[in-house]
Amino acid sequence: MAIPNEFREEVPVIELQAVVTGVARFTQTLRELRRDPRWWLALVLLAFVLAAIFAPLVSPYDPLLYHPSIAEQAPTWAHVLGTDALGRDQLSRVIWGTRISLSIAVFSILLGGTCGTLLGLMAAYFKGGVDQAVTILVDALLAFPGLILALGIVAALGPSLLNLAGAIAVGSIPGYARLARGQALKVASQDYVLAAVSTGTRSWKIMLKHIFPNIFSTLLVQATLSISFAILLESALSFLGLGISPPTPEWGGMITDAQPFLASDPWMVVGPALALVVILLCLNLVGDALRDRLDPRDAQRINIKSM
């Protein structure tokens, strides 16, 4: 069936209006976030990221260097967080552990989020058999708790950085698939998407160009919250001995090493535990701030209160 020329001319206008609206909303969100106290916690997260990137420069000592003569030393000016049972500087190991934890968390969320989002988009756009197949796969993964699923995968493949990141990524797929599917179903019924379908635009182009940009903000909030869960899960697996192999510094492994010395040398656990608590708290609060601003219902409620 031929499409009227008038309708063809209206399609770019509708698409342009959608893009302009999205950009304006994003700009307004950034201005509002600067007035939210929780947003300033992003500076703490930035400090962790910079410490992870520049760990060789900011770390005062080699995290793998043994000093038996100063083993189990209490905090001093030379060793701010003390030393462990082998005389290794705890502050240096915490800094290098930041690189390990953030790398695994970011890689796993990127991998799991990408796979889950693609599954959700296909389920919402194609519907029918594709939707049923994706639903069955997601339900099968949801049948296992995240920690149990990750434990099984790592135990089967062996402890390593890639296996650990892959196990966490598999556990994050269902959440992104369900979220992307639900949001994509709403967007797929909008006029500009129907117009693109009517003009014969390819399915992959509609999903990536017209639907995905309009659900990205919701997925961004999910990613912020998922990273905190990935860090916690990675630390838990390392604490159980299924994470990064020693002597590589990692927060969960450091807490495990400090367990026998909790009564006599409690400072050994302070560094990794405090770093874990601070980064999880900051990620969750920043994620809540983003959710409050990017969710239209919450944003409207906040704007009414501020009037």
Side-chain angles (χ1 to χ4, degrees), residues 11-34 36 38-39 42 45-46 49 102 105-127 130-131 134 138 168-169 171-197 201-230 282-303:
V11 172
V13 176
I14 296 175
E15 295 178 359
L16 180 60
Q17 290 176 349
V19 172
V20 171
T21 302
V23 172
R25 182 183 172 189
F26 181 74
T27 304
Q28 181 182 2
T29 298
L30 289 180
R31 288 198 301 265
E32 293 174 349
L33 279 174
R34 286 183 295 182
D36 192 329
R38 293 173 295 181
W39 178 243
L45 297 178
L46 179 61
V49 173
L102 287 181
V106 171
F107 177 76
S108 62
I109 294 305
L110 284 177
L111 180 59
T114 301
C115 295
T117 300
L118 289 176
L119 289 175
L121 287 174
M122 290 189 296
Y125 184 80
F126 293 110
K127 301 183 177 65
V130 175
D131 190 11
V134 172
V138 169
I168 298 174
S172 66
I173 288 176
Y176 284 96
R178 297 180 69 178
L179 182 62
R181 178 183 178 275
Q183 296 296 317
L185 283 173
K186 298 178 183 179
V187 176
S189 61
Q190 299 297 318
D191 291 339
Y192 57 88
V193 176
L194 298 178
V197 174
T201 306
R202 293 184 179 182
S203 299
W204 66 267
K205 190 174 182 179
I206 293 176
M207 288 188 289
L208 297 182
K209 183 179 179 181
H210 300 283
I211 298 179
F212 175 73
N214 291 281
I215 66 174
F216 177 74
S217 59
T218 305
L219 295 173
L220 178 62
V221 175
Q222 177 68 16
T224 305
L225 300 175
S226 297
I227 288 179
S228 62
F229 177 75
C282 292
L283 281 169
N284 281 299
L285 290 177
V286 171
D288 288 341
L290 285 173
R291 181 189 59 193
D292 291 343
R293 295 298 175 180
L294 296 179
D295 188 336
R297 293 170 298 181
D298 288 339
Q300 183 179 8
R301 173 176 53 80
I302 292 173
N303 292 333

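Any value given below was found using the heavy atoms of this structure, including those in side chains, with hydrogens, waters and symmetry copies removed.
Rounded to the nearest 0.5 Å, atoms CG (Leu111) and CD1 (Ile173) are 6.5 Å apart. The OG atom of Ser172 lies 10.0 Å from the CG atom of Leu110; values are rounded to the nearest 0.5 Å. The CG atom of Leu45 sits 9.0 Å away from atom CD1 of Ile227, with the distance rounded to the nearest 0.5 Å. Distance check, rounded to the nearest 0.5 Å: CZ of Phe126 to CG of Leu121 gives 10.0 Å. In this structure, the separation between CZ on Phe229 and CD on Gln222 is 11.0 Å, given to the nearest 0.5 Å. To the nearest 0.5 Å, the span separating CE on Met207 from CZ on Arg202 amounts to 12.5 Å.
The shortest non-hydrogen separation linking Ser108 to Ile168 is OG-CG2, 3.5 Å.
Residue pairs that meet the side-chain hydrogen bond (donor to acceptor under 3.5 Å, both in side chains) test with at least one member in residues 111-125, sequence neighbours left out, do not exist here.
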CA sep, side-chain torsions, deciding dist, call: Asp131, Arg181, side-chain contact (heavy atoms from CB on, under 4.5 Å):
CA-CA 9 Å; Asp131 190 11; Arg181 178 183 178 275; 2.8 Å; yes
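Side-chain contact between Val138 and Leu119 is absent, with no heavy-atom pair separated by less than 4.5 Å.
If you run side-chain contact (heavy atoms from CB on, under 4.5 Å) between Ser226 and each of Ile109, Val221, Leu283, Leu219, only Ile109 comes through.
Between the side chain of Lys127 and the main chain of Ala124, a donor-acceptor pair closer than 3.5 Å is present.
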